[in-house]
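See structure below.
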Amino acid sequence: MQRPRSYLGRFCHAPERGRVECLEDTLVSVDEDGRIVSVLRPSDDGYNRAMTEGPVESMPRGAYVLPGFCDLHVHAPQWPQIGKALHVPLEVWLQQHTFPLEARYSDLAFAKTAYTGLVDDLLSNGTTTALYFATIHQEATRLLADICLDKGQRALIGKVVMDNPEQCPDIYRDESTDDALRGTEDFIAYVRGLNNDRIKPVVTPRFIPSCTDAALDGLGELARSCRCHIQTHASESDWQHRYVFQRHGRSDTDSLDRFGLLTRHTVLAHGNFLSLGNMEILAARGSGVAHCPLSNAYFSNAVFPLKRALEKGVRVGLGSDISGGPSSFLPDSIRAAVFASRLLDDGVDCEKDYPERGIRDSRIDWRTAFYLATLGGADVLDLPVGAFEVGRQFDAILIDPNARGGSLNLMDGYDSTEDGLQKILYTANKANITRVWVAGRAVV
Ligand code: GUN
Ligand code: FE
């Protein structure tokens, strides 16, 4: 067995919601499987032994090591569309822009160029774990899994199911329900055949409108038998929310539950229109929500009631929702999550003479947003990452305030370590991320 490799420096994380912890002069030791075997301060027993036992790498002066970001909602094929078509309603955006783009992934050369660019971009942005929607295509979705494996990203990937001819165009639809189900099963087998814990398959009904009831039924059954993660969109926009009520006579939370699609391994994207009753069901099933504040603003004119959901015991992480959200840099979603919560808390209805302000007690602070982007997301996925604790995997990013092209402005003698962390989360840019590790391996 190889001796553990150790990293010496300043480590900051959010070990629980609302609380951050900064560990100075700390030695984090990682074994050959990427597992953290010790986290030692200079005053701890074993520190001196660990300093001499294996290779020790000192982080640059003034640098911060943070857990890697966990992006709970990424549409991998939409990466080329980031920053485009943000002005149209969701249903128009899907039909006119997004489905035609996704249809192009029948072309493997196109898929290879886009997926390689995406995974490189996300890793250099510090996203060490991503939960991906791919497309309906078998070959291109396998290619995404291969690329994540090759580049070292932790990834959960779903072949998207879209078999409903009423909502999906001829150019972009599974050939039949059977085909959609078999395609999902084949993809699960392919990923499991890769024999690597870092890559997992996900049962992925795009959303209720794109799927027939037969497909939803079959996917619920399949998720149960394969014990896979499940991802879908729910309660996202007025149109989508109304559509499910009209088709099924109930909310999409209730509907997904009837199809067996709400489990401990389910991640629902958005959730803007969740009722308190819906939240109770999610909490009871152990299902999580990917909070996507950027795309909720552009496509739903809505704010996910994050604080209420957390208070109800729903597990929540953050999602960029590329390309509904026009940024692949998860700190932009951290910033938007705080911003959106403030608008929900303080928004004013100007039609009233004495306007009541927003929904009281809805705001979160940067500590909670940081938690959601790291340990919160890891918790939703039940992955042992997201914090510097013995037994977790070392998925981490190095933030160098002095990096060339960086945007951080920290001042010795003025900023405390925690001030520095806050400034990182609000003002750092991609250039400040100078190294990225997944499972103890440097990937950037
Ligand atoms: N609902 C169904 N598909 C999508 C998608 O690609 N993006 C978003 N934001 N919502 C969706
Ligand atoms: Fe989405």
Side-chain angles (χ1 to χ4, degrees), residues 1-70 126 128-129 154 197-198 366-368 370-379 382-402 408 410 412-425 428 432-444:
M1 234 195 44
Q2 268 185 355
R3 283 171 309 170
R5 162 174 286 277
S6 302
Y7 300 93
L8 178 63
R10 174 193 285 153
F11 293 81
C12 294
H13 60 176
E16 60 192 328
R17 176 153 57 83
R19 182 169 76 86
V20 299
E21 180 177 56
C22 288
L23 306 165
E24 302 278 1
D25 303 319
T26 294
L27 194 63
V28 173
S29 302
V30 180
D31 72 12
E32 60 193 330
D33 298 323
R35 188 173 161 275
I36 298 173
V37 292
S38 62
V39 177
L40 297 167
R41 317 290 299 274
S43 56
D44 289 333
D45 285 349
Y47 179 89
N48 290 334
R49 188 166 9 97
M51 280 291 269
T52 53
E53 211 170 47
V56 176
E57 200 181 327
S58 294
M59 299 295 107
R61 219 181 81 77
Y64 286 69
V65 187
L66 310 184
F69 298 122
C70 177
T128 47
T129 298
R154 204 177 287 284
D197 229 26
R198 275 191 298 101
W366 63 275
R367 294 178 185 83
T368 291
F370 178 44
Y371 169 84
L372 297 179
T374 53
L375 192 56
D379 180 46
D382 280 321
L383 292 179
V385 296
F388 300 111
E389 292 169 349
V390 171
R392 292 188 186 272
Q393 291 278 301
F394 188 71
D395 286 14
I397 62 178
L398 181 68
I399 306 278
D400 187 345
N402 303 313
L408 265 171
L410 305 190
D412 272 348
Y414 172 66
D415 287 316
S416 68
T417 301
E418 197 174 303
D419 289 339
L421 174 61
Q422 184 175 178
K423 281 183 160 182
I424 288 168
L425 297 171
N432 288 116
I433 301 178
T434 54
R435 280 182 82 185
V436 178
W437 296 266
V438 177
R441 180 183 146 209
V443 293
V444 169

Quick one: are [X] and [Y] in side-chain contact, heavy atoms under 4.5 Å?
X	Y	answer
Val65	Val28	no
Leu40	Ser29	no
Val56	Met51	yes

N/O donor-acceptor pair under 3.5 Å between [X] side chain and [Y] backbone:
X	Y	answer
Asp419	Ser416	yes
Asp400	Asn432	no
Arg392	Ala387	no
Tyr64	Thr417	yes

**Message:** Would you call the rings of Tyr7 and Phe394 parallel, tilted or perpendicular, taking 30° and 60° as the class edges?
**Reply:**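 Correct class here is parallel.
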**Prompt:** Just one of Leu383, Val385, Thr374 clears the side chain to side chain contact (heavy atoms under 4.5 Å, CB included) bar with Asp395, so which one?
**Reply:**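 Exactly one pass, corresponding to Val385.
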Look up atom [atom1] in [X] and atom [atom2] in [Y], then write down how far apart they are to the nearest 0.5 Å.
X	Y	atom1	atom2	result
Ile36	Glu389	CD1	CD	8.0 Å
Thr52	Arg3	OG1	CZ	9.0 Å
Leu66	Phe11	CG	CZ	10.5 Å
Tyr371	Trp366	OH	CH2	15.5 Å
Ile397	Ile433	CD1	CD1	4.5 Å
Gln393	Arg35	CD	CZ	8.5 Å

What pair of heavy atoms forms the shortest contact from [X] to [Y], and how long is it?
X	Y	value
Arg10	Ala63	CB-O, 3.7 Å
Gly18	Arg367	O-CD, 3.4 Å
His13	Pro67	CB-CG, 3.7 Å
Pro60	Leu398	CD-CD2, 3.9 Å
Val30	Val37	N-CG2, 4.2 Å
Cys70	Ala378	SG-N, 3.9 Å

**Asked** Is the CZ atom of Arg435 crowded by more than 12 outside heavy atoms at less than 6.0 Å?
**Response**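 Yes.
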**Prompt:** Taking atom CG of Asp197 as the centre, does the number of heavy atoms from other residues, nucleotides or ligands within less than 6.0 Å exceed 12?
**Reply:**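 Atom CG in Asp197 is not crowded, with 12 or fewer foreign heavy atoms closer than 6.0 Å.
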